[in-house]
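Just below is one structure, and these are the notes that go with it.
Small disclaimer: the values here were computed from a predicted structure and weren't measured.
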Amino acid sequence: MIDIGSFPCRTCEGLSRRTFLRAGFAAPFAMATLGKSSLGTVGAQKAKSILLVWLGGGPSHLDLFDPKPKAPAEYRGPFATIATRTPGVRFTELLPKLAARSHKYSLIRSNVNFNAGHREAGSIALTGASSATDIYPPNFGSIVARQRGHDALPRFISLANGPIGDGVGPIQGSGGGIWGRGHDPFLIGCTEKGQLEIPSLKLASGLTPARLEDRRYLLKELERLQRDADSGQYEVWDNLRRRALALLTSPQGVAALDLAREPAKTRDAYGQTSFGQSCLLGRRLIEAGVPYVQVNWSRYVEVYYSFSDYGWDTHADNFGLLAEWHGPLLDRVFSTLLDDLEARGLLETTLVICMGEFGRTPRINEIGSRDHWPLCYFSLWAGGGVQPGRTIGESDARGEKPVSDPITPAMVGTTILELAGIPSATRADLRVLAGGRVIHELF
């Protein structure tokens, strides 16, 4: 191990690196040391785009991808298990389509988090922070967007009708964090009918994507927003105006946002739910060249917000909700998304990750459900350089803790950025993901 400066940053080769301009090393030595990254040549971009499917609320690992049929009754739950395409790997009966497609993605069963609160754990999971704090590092998507420059389309889009969070407040780690609001994602909401809403334009009365053709009206309303904004918010509103106008008036934006251009068969395959149509919109945005898209299952983690497909916070009726709604919907939509990306030749250049902020308690609670559990949960990885069909990590006999090396949020973020062509030297420059290493078992 080589310590260079105070910014430890590990690759899967175990080498600690630092920006040599800061360290003051000679150029020849710097070039020799930084000549390779954990995934090949420094800056090599294996993933043109990142598509994160965010299951906010904490999906139960035992009742989906890591069942424990031999555990005591108070742990295992009511669902039977089924075989997958991967030898020796079983899912619960709620996921027959994804079980039949296990050769298209790799499964991690040993993710861990460091907090049991939704906002704190979500912020950690989306930024790679090592603990809960008042101000978080930037979201992985904000980092990718900053490195990819500018274009007619936003570089980081989050598909939700407003900031994601719980009923109390938003997840701080969902945007620019310490970099400021200018690095937040562009928000787009999508209904079960594929109708779009852009929260940054809500203050403009009557302004919707349906009025795209009336560009003079659009510009007039955005100019009014800018005039009405107080001086402290002027820069923010100006940025929103420019981003919204570029998106809504560019040929790429109009084409990407128009779900009516999709064949009815494709839209039906994704299903008439907010999550289903959002995944379809996410695929269209990736196809249009957006480098980072986060598709949110729901804006809020709680199950009692029905307008956006209910969250995964299944404290009171975990088994009923999973059997009747969450399990079948995830199985249908995510399998359709993988098939669609593959059929269009996008899977090879798109890194797809599906995960939440934590799992749920292996031991069933006193009301016959499951609570928050950050000590062990799952994630799915496909495309973008990932070797499919692998099962990485293992939990103990009751699904309480990993018996293999745990996969931390910093490792998740480091792997995403490496595949996006943002190597350790660049991360050191940006001062993000100190100490993270690539999940080398995926490759």
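In this structure, E93 contributes its side chain and T81 its backbone to no donor-acceptor pair below 3.5 Å. Side-chain atoms of D166 come within 3.5 Å of backbone atoms of V168 as a donor-acceptor pair (strictly under, hydrogens ignored). R181 places no side-chain N or O within donor-acceptor distance of the main-chain N or O of G175, the cut-off being under 3.5 Å. Distance alone, capped at 3.5 Å, is enough to place a donor-acceptor pair between the H61 side chain and the G399 backbone. Although no hydrogens or angles enter the test, the distance criterion places no donor-acceptor pair under 3.5 Å between the side chain of W54 and the main chain of M355. Under the 3.5 Å distance criterion, the side-chain polar atoms of S49 are left unmatched by any main-chain donor or acceptor of Y292. Between the side chain of T415 and the main chain of I439, a donor-acceptor pair closer than 3.5 Å is present. T350 contributes a side-chain N or O that, together with a main-chain N or O of L346, makes up a donor-acceptor pair within less than 3.5 Å. Using modelled atom types, one side-chain atom of N113 and one backbone atom of A121 make a donor-acceptor pair closer than 3.5 Å. T84 places no side-chain N or O within 3.5 Å of a backbone atom of A100 that could act as its donor or acceptor partner.
Aromatic ring pairs are classed by plane angle as parallel below 30°, tilted from 30° to 60° and perpendicular above 60°; the pair Y105 and F334 is perpendicular.
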side-chain contact (heavy atoms from CB on, under 4.5 Å) evaluation trace for L55 with C354:
CA-CA 7 Å; L55 309 180; C354 179; 3.6 Å; yes
L62 vs R370, side-chain contact (heavy atoms from CB on, under 4.5 Å): CA-CA, chis, key distance, verdict
CA-CA 10 Å; L62 281 85; R370 300 192 194 270; 4.1 Å; yes
Apply side-chain hydrogen bond (donor to acceptor under 3.5 Å, both in side chains) to residues D63 and S60 and explain how you reach the verdict.
CA-CA 5 Å; D63 300 312; S60 172; 2.7 Å; yes
Could you give me the CA-CA distance, side-chain angles and deciding distance for S106 and R390, then say whether side-chain hydrogen bond (donor to acceptor under 3.5 Å, both in side chains) is met?
CA-CA 5 Å; S106 282; R390 296 184 177 183; 5.5 Å; no
Using the side-chain hydrogen bond (donor to acceptor under 3.5 Å, both in side chains) rule, take N111 and S379 through it: C-alpha gap first, then chi angles, then the decisive distance, then the call.
CA-CA 7 Å; N111 288 90; S379 59; 2.8 Å; yes
As a quick check of understanding, evaluate side-chain contact (heavy atoms from CB on, under 4.5 Å) for H183 and F156, giving each step before the final call.
CA-CA 9 Å; H183 294 277; F156 176 18; over 6 Å; no
Applying side-chain hydrogen bond (donor to acceptor under 3.5 Å, both in side chains), run through N296 and S158 and close with a yes or a no.
CA-CA 7 Å; N296 300 289; S158 180; 2.9 Å; yes
Kindly indicate, with the supporting measurements, whether the criterion side-chain contact (heavy atoms from CB on, under 4.5 Å) is fulfilled by L259 and R267.
CA-CA 8 Å; L259 291 183; R267 295 190 66 180; 4.2 Å; yes
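The two atoms that bring V144 and L417 nearest to each other are CG2-CD2, 3.7 Å, heavy atoms only. Considering all non-hydrogen atoms of both residues, G271 and R332 come closest at CA-NH2, 3.4 Å. Contact detail for P154 and V290: the closest heavy-atom pair is O-CG1, 3.4 Å. Of all heavy-atom pairs between L281 and C190, the closest is CD2-CB, 4.3 Å. Here the closest non-hydrogen pair linking P138 and I178 is CD-CG1, 4.1 Å. Taking each heavy atom of P96 and D331 in turn, the nearest pair found is CD-OD2, 3.2 Å.
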Residues 401-410 side chain polar contacts: donor-acceptor under 3.5 Å, at least two apart:
unit_1, atom_1, unit_2, atom_2, d
S404, OG, E394, N, 3.0
T408, OG1, M411, N, 3.2

Under 3.5 Å, which donor-acceptor pairs link side chains of residues 126-137 to any protein atom two or more places apart or in another chain?
unit_1, atom_1, unit_2, atom_2, d
T127, OG1, S123, O, 2.6
T127, OG1, A129, N, 3.3
Y136, OH, T133, N, 3.3

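The distance from the CG atom of L375 to the CZ atom of F114 is 10.5 Å, given to the nearest 0.5 Å. Expressed to the nearest 0.5 Å, how far CG of L153 lies from CD of Q252 amounts to 5.5 Å. Summarising the geometry, atom OG belonging to S278 is positioned 10.0 Å from atom CD belonging to E192; distances are rounded to the nearest 0.5 Å. We find the CG-CD1 distance between D317 and I367 to be 9.0 Å, quoted to the nearest 0.5 Å. For the atom pair CG of L430 and OG1 of T426, the computed distance is 6.5 Å after rounding to the nearest 0.5 Å. The CD1 atom of I286 sits 8.0 Å away from the CG atom of L341 when rounded to the nearest 0.5 Å.
The neighbour count for E348 CD, taken as heavy atoms of other residues, nucleotides or ligands under 6.0 Å away, does not exceed 12. Atom OH of Y310 sits in a sparse spot, with 12 or fewer heavy atoms from other residues, nucleotides or ligands closer than 6.0 Å. When the shell of 6.0 Å around NZ of K48 is examined, it contains 12 or fewer heavy atoms from other residues, nucleotides or ligands. In this structure, R85 places its CZ atom where only 12 or fewer heavy-atom neighbours from other residues, nucleotides or ligands lie under 6.0 Å away.
With respect to R261 and D258, a salt bridge is recorded, a charged nitrogen being found less than 4.0 Å from a carboxylate O. A salt bridge between E418 and K46 is absent, with no side-chain N of the basic residue lying under 4.0 Å from a carboxylate O of the acidic one. A salt bridge between R360 and D313 is present, with a side-chain N of the basic residue lying under 4.0 Å from a carboxylate O of the acidic one. The pair D340-R283 counts as a salt bridge, with a side-chain nitrogen and a carboxylate oxygen less than 4.0 angstrom apart.
Residue W381 forms a side-chain contact (heavy atoms from CB on, under 4.5 Å) with just one option from I392, V386, V352, and that option is V386. For the pairing with W312, the ring pair (Phe, Tyr, Trp, His ring centres under 6.0 Å) check across W297, F275, W325 returns one residue only, W297.
Within the 6.0 Å centre-distance limit, the rings of F65 and F91 are counted as a close aromatic pair.
Evaluation of the side chain to side chain contact (heavy atoms under 4.5 Å, CB included) rule for P388 yields no partner, not counting sequence neighbours. Shown here are the salt bridge (charged side-chain N to carboxylate O under 4.0 Å, His left out) partners of E302, two or more places apart in sequence or in another chain: there are none. A search for salt bridge (charged side-chain N to carboxylate O under 4.0 Å, His left out) contacts involving K68 returns D66, not counting sequence neighbours. When the salt bridge (charged side-chain N to carboxylate O under 4.0 Å, His left out) test is applied to R284, the partners found at least two apart in sequence or on another chain are E262.
With contacts defined as side-chain heavy-atom distances shorter than 4.5 Å, the pair L64/P59 qualifies. Taking the side chain as every heavy atom from C-beta outward, H372 and E357 never approach each other to under 4.5 Å.
For the residue pair Q172 and R119, no side-chain donor N or O sits within less than 3.5 Å of a side-chain acceptor on the partner.
Annotation: cation-pi pair R109/F378 absent, no NZ/CZ under 6.0 Å from the ring centroid and within 45° of its normal.
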